[in-house]
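Basis for what follows: all heavy atoms, side chains included, without hydrogens, waters or symmetry-related copies.
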Amino acid sequence: MFTAEDRRFMQQALALAEGGLYTATPNPRVGCVVVKNGVVVGEGFHARAGGPHAEIRALEAAGARAKGATLYVTLEPCIHHGRTPPCAPRLIASGVKRVVAAMQDPNPQVAGQGFVALRAAGIEVESGLLELEATELNIGFVSRMTRGRPWVRLKAAASLDGRTALANGKSQWITGPEARRDGHHWRARACAVLTGIGTVLQDDPQLTVRNVETPRQPLRVIVDSRFDTPLAARVIAGGNALIAAAVQNPDRQRQFAAHGVDSVVLPNAHGKVELPRLLEELAVRGVNELHIEAGWKLNGSLIREGCVDELLVYLAPCLLGDSAHGMAALPEIEELEARRRLRITDVLPVGGDLRILARMSAT
């Protein structure tokens with residue numbers, strides 16, 4: 001049974017974990033608090049892959065005071081060797097008497113074995129405190145570990161009648177500066193940002209994180225079936241980009257490689273990029289959260305092929321009319337029962353616009 005004090009300290013650990021929101025990828029975001037006699041004696045969070053894990057930083061801060069203490073951590077302590085040694089043996093050696101974890105690690109290399117090791121050493125272990133909050137914080141990591149694909153969030157800026165661009169393709173700017181700044185926060189927390197060749201040719205976007213302080217830029221992914229991306233396109237400037245194509249083109253691939261741009265060829269039966277396979281490829285590359293900023297045609301393809309988990313929609317108080325493009329090119333339906341259902345999880349005013357988060361629903 002968890003106490004009010006347990007909940008308070010786990011909430012503190014979750015707040016610490018957010019320190020790695022932009023940087024921990026491809027690892028999970030983890031926070032840890034060491035408490036003795038009701039007083040915090042050590043705390044830490046995982047900042048980046050290859051750096052010390054949250055538990056190690058908290059134990060180092062606690063020092064000898066960790067003996068007999070309770071350790072609160074947002075994810076099960078690891079038991080496997082990765083870029084750093086496992087955490088569970090360090091917890092055992094520290095002399096902590098109790099470990100409270102928010103959730104079990106979904107990584108098959110851990111998956112409860114960390115708890116087993118701690119209990120075998122005589123440490124009291126409890127799990128499940130604020131599990132939903134911990135899972136949400138690491139929804140991309142959980143998706144990659146359990147489904148072999150990233151968590152996919154499709155962002156759209158639209159008028160109140162659901163239009164994202166004029167018939168001539170112009171879309172800058174439908175929403176206000178506050179909404180655009182908020183959108184960069186979602187870019188920053190993603191491991192990769194994906195767009196299509198149509199958007200590249202129409203808007204020449206950078207797809208970099210600006211307006212938000214972060215030491216890491218997400219991978220930029222372009223769905224470009226025939227390698228039509230111009231070498232001067234801003235989206236590939238400086239490398240850190242991946243082109244997903246449907247046909248081999250060794251000359252163009254060498255040109256892109258010379259600019260630090262990787263490529264992968266994943267054709268489907270229609271000569272287009274096989275989008276579900278692209279998600280699997282991105283998971284192999286360590287992408288936890290994938291952020292989509294594309295045009296209505298690619299948006300529609302991603303939704304139709306079951307590649308979208310969540311919509312991030314900014315609605316502006318304006319109307320663009322029927323001739324403007326919608327959010328996604330979806331096939332016509334004749335019965336309302338065939339509509340694609342969503343579950344709204346959050347609604348928030350952002351400047352003069354409205355931000356809506358909605359998840360794809362199976363029913």
Side-chain angles (χ1 to χ4, degrees), residues 131-144 146-165 171 174-176 178-180 182-187 189-196 199 221 223 275-276 278-279 282-283 287-322 324-363:
E131 182 174 9
L132 178 60
E133 291 85 345
T135 300
E136 285 294 320
L137 184 62
N138 281 305
I139 194 164
F141 180 76
V142 172
S143 176
R144 183 165 66 88
T146 60
R147 303 191 299 170
R149 52 168 278 182
W151 180 263
V152 180
R153 184 177 294 115
L154 190 156
K155 179 253 183 180
S159 60
L160 204 58
D161 54 345
R163 304 296 171 170
T164 59
S171 61
I174 293 175
T175 54
E178 296 88 353
R180 296 198 295 275
D182 189 71
H184 278 263
H185 156 79
W186 294 95
R187 274 190 194 177
R189 68 172 286 166
C191 308
V193 179
L194 181 146
T195 194
T199 298
V221 182
V223 177
L275 296 173
L278 176 56
L279 296 188
L282 292 175
V287 173
N288 292 332
E289 293 185 21
L290 177 62
H291 181 87
I292 308 294
E293 293 198 23
W296 69 314
K297 291 182 181 178
L298 181 53
N299 285 349
S301 295
L302 287 160
I303 292 173
R304 288 196 308 273
E305 296 187 37
C307 295
V308 176
D309 297 304
E310 184 173 50
L311 300 183
L312 169 65
V313 180
Y314 296 91
L315 287 180
C318 63
L319 303 172
L320 297 185
D322 289 347
H325 296 315
M327 294 185 198
L330 296 173
E332 181 182 356
I333 60 174
E334 296 183 353
E335 299 291 339
L336 282 176
E337 285 303 310
R339 68 190 184 274
R340 296 175 188 271
R341 291 174 170 82
L342 303 170
R343 177 172 59 88
I344 294 176
T345 59
D346 186 58
V347 179
L348 181 72
V350 179
D353 304 311
L354 196 64
R355 188 188 77 191
I356 298 175
L357 279 169
R359 292 189 174 170
M360 309 302 290
S361 177
T363 58

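Under the side chain to side chain contact (heavy atoms under 4.5 Å, CB included) criterion, A192 pairs with L219, V221, V287, L290, sequence neighbours left out. In this view, T164 satisfies the side chain to side chain donor-acceptor pair (under 3.5 Å) rule with no residue, not counting sequence neighbours.
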Apply side-chain contact (heavy atoms from CB on, under 4.5 Å) to L154 and N299, showing your working. CA-CA 8 Å; L154 190 156; N299 285 349; 3.5 Å; yes
Take E310 and V152 through the side-chain contact (heavy atoms from CB on, under 4.5 Å) test and state the conclusion after the steps. CA-CA 6 Å; E310 184 173 50; V152 180; over 6 Å; no
After noting the C-alpha distance and the side-chain angles of L278 and V223, does the key distance pass the side-chain contact (heavy atoms from CB on, under 4.5 Å) rule? CA-CA 9 Å; L278 176 56; V223 177; 4.0 Å; yes
Ring pair (Phe, Tyr, Trp, His ring centres under 6.0 Å) assessment of W296 paired with H325: CA-CA 7 Å; W296 69 314; H325 296 315; 4.5 Å; yes
List the steps and the verdict of side-chain contact (heavy atoms from CB on, under 4.5 Å) for S301 and L275. CA-CA 8 Å; S301 295; L275 296 173; 3.9 Å; yes
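Residues A179 and D353 approach most closely at CB-OD2, 3.5 Å, considering heavy atoms. P276 and C307 make their closest contact through N-SG, 3.8 Å (heavy atoms, listed as atom of the first residue, atom of the second, distance). Taking every heavy atom of both residues into account, A283 and G148 meet most closely at CB-O, 3.3 Å.
Within the model, atoms CG of L319 and CG of D161 stand 4.5 Å from one another, a figure rounded to the nearest 0.5 Å. The CG atom of D182 sits 10.0 Å away from atom OG1 of T175, with the distance rounded to the nearest 0.5 Å. To the nearest 0.5 Å, atoms CZ (R343) and CG (L311) are separated by 12.0 Å. Taken to the nearest 0.5 Å, the OH atom of Y314 stands 7.0 Å off from the NZ atom of K155. Rounding to the nearest 0.5 angstrom, the gap separating the CG atom in L160 from the CG atom in L354 is 8.5 Å.
In this model, no donor atom of one side chain and acceptor atom of the other lie less than 3.5 Å apart for H291 and E289. In this model, no donor atom of one side chain and acceptor atom of the other lie less than 3.5 Å apart for S159 and R163.
Between W186 and R153, the closest side-chain pair of non-hydrogen atoms falls below 4.5 Å. Side chains of H185 and R187 form no contact here, defined as non-hydrogen atoms less than 4.5 Å apart. With contacts defined as side-chain heavy-atom distances shorter than 4.5 Å, the pair R340/R304 qualifies. The shortest side-chain heavy-atom distance between M360 and L342 falls under the 4.5 Å cut-off.
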Under 3.5 Å donor-acceptor pairs involving side-chain atoms of residues 344-352, not counting sequence neighbours:
unit_1, atom_1, unit_2, atom_2, d
T345, OG1, L357, O, 3.3
D346, OD2, R355, NH2, 3.1

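No donor-acceptor distance shorter than 3.5 angstrom exists from the side chain of N288 to the backbone of P150, with no hydrogens or angles considered. Although no hydrogens or angles enter the test, the distance criterion places a donor-acceptor pair under 3.5 Å between the side chain of R339 and the main chain of L336. Of the possible donor and acceptor atoms, one in the side chain of T195 sits under 3.5 Å from a partner among the backbone N and O of E293. Of the possible polar contacts, none joining the S143 side chain to the I139 backbone as a donor-acceptor pair under 3.5 Å is found. A side-chain donor-acceptor contact under 3.5 Å links T199 to the backbone of G295.
Between D309 and R149, at least one side-chain N (NZ, or NE/NH1/NH2) sits under 4.0 Å from a carboxylate O, which counts as a salt bridge.
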